[in-house]
Amino acid sequence: MTTRVCFDSAAVTAALFGLRSAGVLRVLGRLGASAALASASARLRVGGDRFVIHACATDSDGGRVASAVTGRQECRATGVVTAQVVEQLLRQPPPAGVWHIDQVVAADEFLRNLHQHDLTIHDEI
């Protein structure tokens with residue numbers, strides 16, 4: 001499974017991907033600079049509030065599925081997804097253990113609820 005986040009500024013997206021690919025973000029995290037980096041990025045205003053999250057998964061037989069979510073205010077969208085998952089877990093708690101979201105949340109209901117929060121689902125991209 002691969003997930004990518006893109007911002008409406010191609011330069012910001014490319015810069016963040018480049019830093020990640022080069023291992024700079026990992027080094028900064030190990031040096032304890034993550035909080036400073038997060039603080040600096042919160043003050044830096046490049047681009048708008050639009051975002052795209054693209055996910056792609058391939059099964060052991062080579063079957064591939066891809067989808068994307070677009071919207072505004074990525075932090076708000078993260079909160080919406082988190083709240084929806086928590087609601088589902090409270091309604092139907094899974095057995096003890098570590099689970100991925102797709103193992104504990106009914107996709108059809110989950111995606112319908114995202115539409116109610118101004119998030120758009122793009123299937124099979």
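Under the 4.5 Å side-chain criterion, counting only non-hydrogen atoms from C-beta, Val105 is not in contact with Trp99. When side chains are defined from C-beta on, His117 counts as touching Arg76, because their heavy atoms get closer than 4.5 Å.
Evaluation of the salt bridge (charged side-chain N to carboxylate O under 4.0 Å, His left out) rule for Arg72 yields Asp49 as partners, not counting sequence neighbours. In this structure, Arg30 has no side-chain hydrogen bond (donor to acceptor under 3.5 Å, both in side chains) partners at least two apart in sequence or on a different chain.
Counted within 6.0 Å of NE2 on His100, heavy atoms from surrounding residues, nucleotides or ligands total 12 or fewer; the atom is thus considered open.
Between Gln116 and the options Leu114, Asn113, Leu119, Asp118, a side chain to side chain contact (heavy atoms under 4.5 Å, CB included) holds for only Asn113.
Separation of atoms OG1 (Thr82) and CD1 (Ile101) is listed at 7.5 Å; rounding is to 0.5 Å. How far CZ of Arg20 is from CZ of Arg26: 8.5 Å, rounded to the nearest 0.5 Å.
Defined by atom type and a distance below 3.5 Å, a donor-acceptor pair is present between the side-chain atoms of Thr70 and His122. No donor-acceptor contact under 3.5 angstrom links the side chains of Gln88 and Gln84, judged on distance only.
With side-chain heavy atoms closer than 4.5 Å counting as contact, directly or through intermediates, the hydrophobic cluster containing Val27 also holds Leu31.
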- Report the C-alpha distance between Val69 and Val52 in whole Å, list the side-chain angles of each, state the deciding distance to 0.1 Å, and finish with yes or no for side chain to side chain contact (heavy atoms under 4.5 Å, CB included). CA-CA 6 Å; Val69 176; Val52 174; over 6 Å; no
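Across Leu25 and Leu16, no two heavy atoms sit closer than the pair CD1-O, 4.1 Å.
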